[in-house]
Amino acid sequence: MEKRVTFGRWTIGILFAVPQLLLIFTFFYWPAGQAVYWSLTLQQPWGGGNIWVGLDNFRSILANADYWNSITASMIFAGISTGLAMIIALVLAALTDRQLAGSWLYRVVLIWPYGIAAPALALAFRFILAPEAGFMAAVNKFWPGFWDPGLNGADAMASVIIAFSWKYVGYNFIFFLAALQAIPRSLIEAAAMDGSGVVRRFWDIQFPLITPTIFFLLVINITESFQDSFGIVDIMTAGGPANATNLMVYKIYSDGFKGLDYSGAAAQSIILMLLIVLLTIVQFRFIERRVHYR
Amino acid sequence: MVERTPILNFFTHLILFAGFVFCVAPFVIVAIAASHNLKDVNDVPMSLLPGSDFWVNIKTAWTTADLGPKLFNSFIMAFGVAAGKVIVSALTAFSIVYFRYPGRMLIFWLIFITLMLPLEVRIVPTYAVVANVLDPYQAIMDLTGLSWLIQKISGVQVQLSLGLLNSYSGLILPLVATATGTFLYRQFFLTVPDELTEAARMDGAGALRFFVDILLPLSRNNMAALGTIMFLWAWNQYLWPLLITTDQSHAMAVTELKQLIPNVGGAPEWHIAMAGTLIIMVPPMIVVVLMQRWFVRGLIATEK
């Protein structure tokens with residue numbers, strides 16, 4: 001994958017990369033380094049100086065029950081919403097791939113959620129799932145106290161999971177469909193000739209061939225569930241009730257910008273970064289093997 | 001397919017129809033709620049027949065949240081990010097693919113690493129950098145003794161300061177500073193035949209000429225793809241604009257949604273909230289629908 005023909009003068013070559021390098025230094029490497037530095041010091045807000053404290057910030061967050069609660073909440077959120085979004089999307093994509101009359105319509109519509117901003121769909125779902133208006137209110141009428149995301153932590157978690165999975169069903173669907181369509185039709189037809197049924201063909205031929213996509217989406221969904229959840233949580237529950245939906249990225253924001261605890265927020269960022277880097281490395285080791293140029 | 005499977009086909013349609021409803025229902029409910037009046041929207045259960053107050057609610061939401069200027073800001077930001085990404089990524093990929101120079105692989109990896117850490121997790125220090133974007137350079141000058149030297153010689157104390165809070169550049173630049181597009185271009189450039197470069201060079205074209213006249217026109221599709229994806233991504237950004245636009249003149253449409261959440265106490269004005277949600281959902285939806293054909297074709301290289 002190297003070019004045989006290149007342009008000689010290397011000074012010009014580097015010039016083309018300069019804008020990118022300046023941007024990533026200023027807005028990526030410097031802040032990332034700063035986060036490491038802050039996590040090891042006690043920062044006074046608004047430039048009041050700082051004291052070196054080593055790993056104390058990490059010790060104090062890890063000793064904090066609220067932080068563990070936030071990790072647990074993030075894991076539950078990531079696990080359930082990723083599972084739902086992947087399974088629903090895979091079923092829909094596999095069925096759409098069967099090319100029955102009208103399946104083009106599903107292909108068109110199932111892509112729409114991709115374009116919606118997380119906060120916009122969060123507000124929509126906040127209304128749809130409101131306990132006092134609309135449909136859930138009707139359920140509550142029959143079964144008083146059945147649904148109240150404002151008071152019940154499990155209900156609040158269910159609400160944010162529904163909103164997040166809804167969006168990612170659309171996202172995953174695109175990739176699943178692309179992967180399924182890339183499988184040569186002749187392969188499936190040959191199996192059909194040999195008399196294997198639709199379900200059998202799916203498990204024996206299509207499923208193994210799309211495992212790279214499944215794995216890729218699994219990692220993307222989990223990583224996004226740690227970041228893209230911010231808008232949903234902020235609009236739907238603001239981390240409540242009683243911290244039930246205080247996911248890791250939301251806690252960084254509320255500790256850092258509302259509590260002005262820069263050092264604590266920086267230490268939390270470092271832990272979240274390590275988590276995401278770990279996921280990305282796993283993903284890359286798996287995918288790079290399958291990437292071919294030309 | 002070759003066989004007949006009427007029962008399976010029936011269930012396929014059934015499940016797909018459920019999926020269809022699942023995807024469309026939220027849009028429909030939002031649109032219907034946006035057409036009710038205060039009393040009807042709070043009815044239990046809400047009527048699924050559209051009410052008659054749609055345009056009134058849209059107007060109220062528009063003026064309450066002052067959406068005109070905010071949609072304008074969102075457009076500026078989304079265009080800025082998309083254009084920035086397209087330009088910067090193309091330049092970098094060109095440098096990495098078409099030149100051999102020492103440190104090329106280092107640059108490749110420096111850029112690659114940025115894909116791993118999203119803005120959300122380094123949000124606190126990034127905010128500090130945007131508050132004074134020259135802070136890193138000041139620190140470098142302090143550490144290397146350059147500021148000391150300048151002060152010794154000229155007597156001027158170097159204090160670099162340039163705040164980007166509440167500005168379009170503050171909104172746009174940190175979002176451009178990831179390498180998403182670079183690898184898209186890199187992969188594309190790698191598929192451009194060497195013969196083409198050779199021919200261009202024989203005709204006496206230099207690096208810049210080859211880039212502008214041959215490579216860029218060839219990568220039109222990539223530009224459109226990257227531009228669309230980045231436009232949608234930037235339009236839908238929430239946390240970053242929420243933080244750095246403290247004054248209303250630079251606020252984004254998406255962050256205004258928070259102001260439309262009905263207050264606790266009193267009858268909740270869900271009809272206004274849903275009208276606002278609809279207005280904010282529409283522009284990216286138009287982009288998705290317009291680009292869909294091409295978008296799907298790009299992703300699904302159907303070769304059957």
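A, B, ... follow the sequence lines: proteins, then strands. Residue 1 opens every chain.
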Examine whether an atom of [X] lies under 4.5 Å from a heavy atom of chain B, and if so say whether it belongs to the side chain, the backbone or both; otherwise answer neither.
{"X": "A:Ala266", "value": "neither"}
{"X": "A:Tyr253", "value": "side chain"}
{"X": "A:Leu123", "value": "both"}
{"X": "A:Ile24", "value": "both"}
{"X": "A:Val91", "value": "side chain"}
{"X": "A:Val18", "value": "neither"}
{"X": "A:Ile235", "value": "both"}
{"X": "A:Phe125", "value": "side chain"}
{"X": "A:Leu22", "value": "both"}

If you look at every heavy atom in B:Pro268 and A:Glu132, which pair is closest and at what distance?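 Reported closest heavy-atom pair: CG-OE2, 4.0 Å.
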
On a heavy-atom basis, which atom in A:Thr26 and which in B:Val129 lie closest, and how many Å separate them? O-CG1, 3.4 Å

Is the closest side-chain heavy-atom distance between [X] and [Y] below 4.5 Å?
{"X": "A:Pro119", "Y": "B:Lys258", "value": "no"}
{"X": "B:Ile261", "Y": "A:Phe127", "value": "no"}
{"X": "A:Phe135", "Y": "B:Ile29", "value": "yes"}
{"X": "A:Ser269", "Y": "B:Ile123", "value": "no"}
{"X": "A:Gln20", "Y": "B:Leu91", "value": "no"}
{"X": "B:Pro26", "Y": "A:Leu121", "value": "no"}
{"X": "A:Gln34", "Y": "B:Thr126", "value": "no"}

Side chain, backbone, both or neither: which part of [X] has an atom under 4.5 Å from a heavy atom of chain A?
{"X": "B:Ala128", "value": "side chain"}
{"X": "B:Leu196", "value": "neither"}
{"X": "B:Leu48", "value": "side chain"}
{"X": "B:Thr182", "value": "side chain"}
{"X": "B:Val88", "value": "both"}
{"X": "B:Ala31", "value": "neither"}
{"X": "B:Val124", "value": "both"}
{"X": "B:Val41", "value": "both"}

Who are the ring-ring contact (aromatic ring centres under 6.0 Å, His included) partners of B:Trp240, not counting sequence neighbours? none

For B:Phe20, ring-ring contact (aromatic ring centres under 6.0 Å, His included) partners two or more places apart: none

Check the angle between the aromatic planes of A:Phe230 and B:Tyr238 and answer parallel, tilted or perpendicular using the 30° and 60° thresholds.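 Taking B:Tyr238 first and then A:Phe230, their aromatic rings sit tilted (interplane angle of 30° to 60°).
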
Measure up the A:Phe25 and B:Tyr137 rings against each other and bin them: parallel (under 30°), tilted (30 to 60°), perpendicular (over 60°).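 The arrangement is perpendicular - the two ring planes meet at more than 60°.
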
Looking only at heavy atoms and a cut-off of under 4.5 Å, which of B:Leu134, B:Leu175, B:Leu242 has the most pairs with chain A? B:Leu242

Ring centre gap for A:Phe16 and B:Tyr98 strictly below 6.0 Å: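 No, they do not, as the ring centres are separated by 6.0 Å or more.
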
Strictly distance-based, threshold 3.5 Å: is any side-chain N or O of [X] a donor or acceptor partner for the main-chain N or O of [Y]?
{"X": "B:Asn236", "Y": "A:Gly115", "result": "yes"}
{"X": "B:Arg104", "Y": "A:Ile14", "result": "no"}
{"X": "B:Ser95", "Y": "A:Gly13", "result": "yes"}
{"X": "A:Tyr29", "Y": "B:Leu110", "result": "yes"}
{"X": "A:Trp166", "Y": "B:Phe22", "result": "yes"}

Taking every heavy-atom pair that is under 4.5 Å apart, which of A:Asp228, A:Ile252, A:Val277, A:Val249 has the most such pairs with chain B?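 Among A:Asp228, A:Ile252, A:Val277, A:Val249, the one with the most close pairs to chain B is A:Val277.
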
Tell me, out of A:Gly256, A:Ala124, A:Pro113, who's got the most heavy-atom pairs with chain B below 4.5 Å.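 Heavy-atom pairs under 4.5 Å are most numerous for A:Ala124.
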
Please report the C-alpha distance between A:Phe27 and B:Val176 in whole Å, then the side-chain angles of each, then the deciding distance to 0.1 Å, and finally whether the side-chain contact (heavy atoms from CB on, under 4.5 Å) criterion is met. CA-CA 9 Å; A:Phe27 297 107; B:Val176 177; over 6 Å; no

Evaluate the criterion side-chain contact (heavy atoms from CB on, under 4.5 Å) for residue pair A:Trp112 and B:Met281; output intermediate values, then yes/no. CA-CA 11 Å; A:Trp112 289 359; B:Met281 276 179 174; over 6 Å; no

